[in-house]
Amino acid sequence: PNTIRDFKVLLKVFYQWLENSPRKHYPERVAWLDAGGTAECKHYDRNELLTRGDYAALQAAADNTRDKLLTALLFHTGGRIGEVLALRVRDFRQEQGGTIWGVRIDGTKTKASKREVPIKDEETVKLYLAHAAALKDKSPDALLFVARTGRPLSHGSVNMVLRRLFRKAGITRDCNP
């Protein structure tokens, strides 16, 4: 719905520019398009969000380092699935004598959404080190999350993994990372 609304708004603004129309006055050929006002964002109630207890249950339900690291990064960085799947070995940084770790996330929405996120959870750092050491491709450009076949893990695969972990952990909240 928001994509359609955005497309309508862009179309109206483009024709406004094309015909050199005054601001807020759209040409007749696009004035009839109803863009539906502002985009609606879903606001989550605090009870719908994952708790630290839920996160601990997910970690206990995961039976391999890859899935534990995946859930840890989603939980601790707030990254989108696509952003976490795009992480490479080189995106993790160790600073200040090895006491502070960070991960560079290249955002998927805008160029400005590139950010450096500190990793303060020691267990996540340990998971990263163990997972990176176990990767077949040891280069800094290697993707962190690959399937058993060696191909990049897909968004759909991550959704399946997360749903399985939610069921196994007994979490009844929606799985919407």
Side-chain angles (χ1 to χ4, degrees), residues 2-3 6 10 39 41-46 48-171 173-177:
N2 287 340
T3 303
D6 292 347
L10 286 171
C41 295
K42 175 151 172 46
H43 294 281
Y44 290 95
D45 183 79
R46 203 173 247 287
E48 294 178 276
L49 302 176
L50 287 180
T51 64
R52 290 199 179 277
D54 293 334
Y55 168 70
L58 284 173
Q59 288 298 86
D63 53 4
N64 62 59
T65 308
R66 183 198 72 186
D67 294 350
K68 286 181 186 225
L69 179 61
L70 181 65
T71 56
L73 289 173
L74 288 169
F75 186 80
H76 290 294
T77 67
R80 294 177 177 88
I81 290 176
E83 293 171 338
V84 172
L85 286 178
L87 289 175
R88 298 180 181 276
V89 172
R90 70 169 181 256
D91 292 328
F92 280 76
R93 291 183 176 55
Q94 190 176 13
E95 299 169 6
Q96 296 181 357
T99 57
I100 295 177
W101 281 78
V103 62
R104 187 185 71 220
I105 295 179
D106 289 338
T108 55
K109 291 285 184 178
T110 65
K111 289 181 183 178
S113 62
K114 292 182 180 182
R115 59 207 182 274
E116 186 91 21
V117 180
I119 304 286
K120 297 179 180 176
D121 180 62
E122 286 183 38
E123 188 59 32
T124 302
V125 173
K126 289 177 186 174
L127 286 168
Y128 162 73
L129 292 171
H131 183 68
L135 289 173
K136 289 179 184 171
D137 184 354
K138 304 287 187 199
S139 77
D141 290 332
L143 285 171
L144 270 183
F145 297 105
V146 292
R148 288 183 189 96
T149 61
R151 290 184 164 169
L153 204 58
S154 72
H155 197 286
S157 296
V158 172
N159 277 328
M160 287 190 325
V161 165
L162 291 174
R163 281 185 175 70
R164 178 180 53 81
L165 292 176
F166 268 60
R167 273 193 310 276
K168 193 172 173 184
I171 299 171
R173 290 179 176 80
D174 286 342
C175 178
N176 297 316

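Position 1 is the first residue of the sequence, and the numbers go up from there.
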Measuring from atom [atom1] of [X] to atom [atom2] of [Y], what distance do you get when rounded to the nearest 0.5 angstrom?
X    : Y    : atom1 : atom2 : answer
L144 : D91  : CG    : CG    : 7.5 Å
F92  : T124 : CZ    : OG1   : 8.5 Å
T71  : Q59  : OG1   : CD    : 3.5 Å
R88  : D106 : CZ    : CG    : 9.5 Å
H155 : L85  : NE2   : CG    : 7.0 Å
R104 : R93  : CZ    : CZ    : 4.5 Å

Tell me the closest heavy-atom pair linking [X] and [Y], and the distance in Å.
X    : Y    : answer
F166 : L50  : CZ-CD2, 3.9 Å
T65  : A130 : CG2-CB, 4.2 Å
K136 : R148 : NZ-O, 4.3 Å
A57  : A169 : O-CB, 3.6 Å
E83  : G79  : OE1-CA, 3.4 Å
L69  : Y128 : CD1-N, 3.8 Å

Donor-acceptor pair between S139 and D137 side chains, under 3.5 angstrom: yes
Candidates D54, L162, L165 - the one meeting side-chain contact (heavy atoms from CB on, under 4.5 Å) with I171: D54
Partner of F145 under side-chain contact (heavy atoms from CB on, under 4.5 Å), chosen from V84, L135, V161: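 It is V84; the other options fail the test.
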K138, NZ: over 12 other non-hydrogen atoms inside 6.0 angstrom: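 Yes.
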K168 atom NZ, neighbour heavy-atom count above 12 within 6.0 Å: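 Correct, the count exceeds 12.
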side-chain contact (heavy atoms from CB on, under 4.5 Å) between L87 and L143, intermediate numbers included: CA-CA 6 Å; L87 289 175; L143 285 171; over 6 Å; no
Parallel, tilted or perpendicular: rings of F75 and Y55 (30°, 60°): parallel
Carboxylate-amine/guanidinium proximity below 4.0 Å for R164 and D67: yes
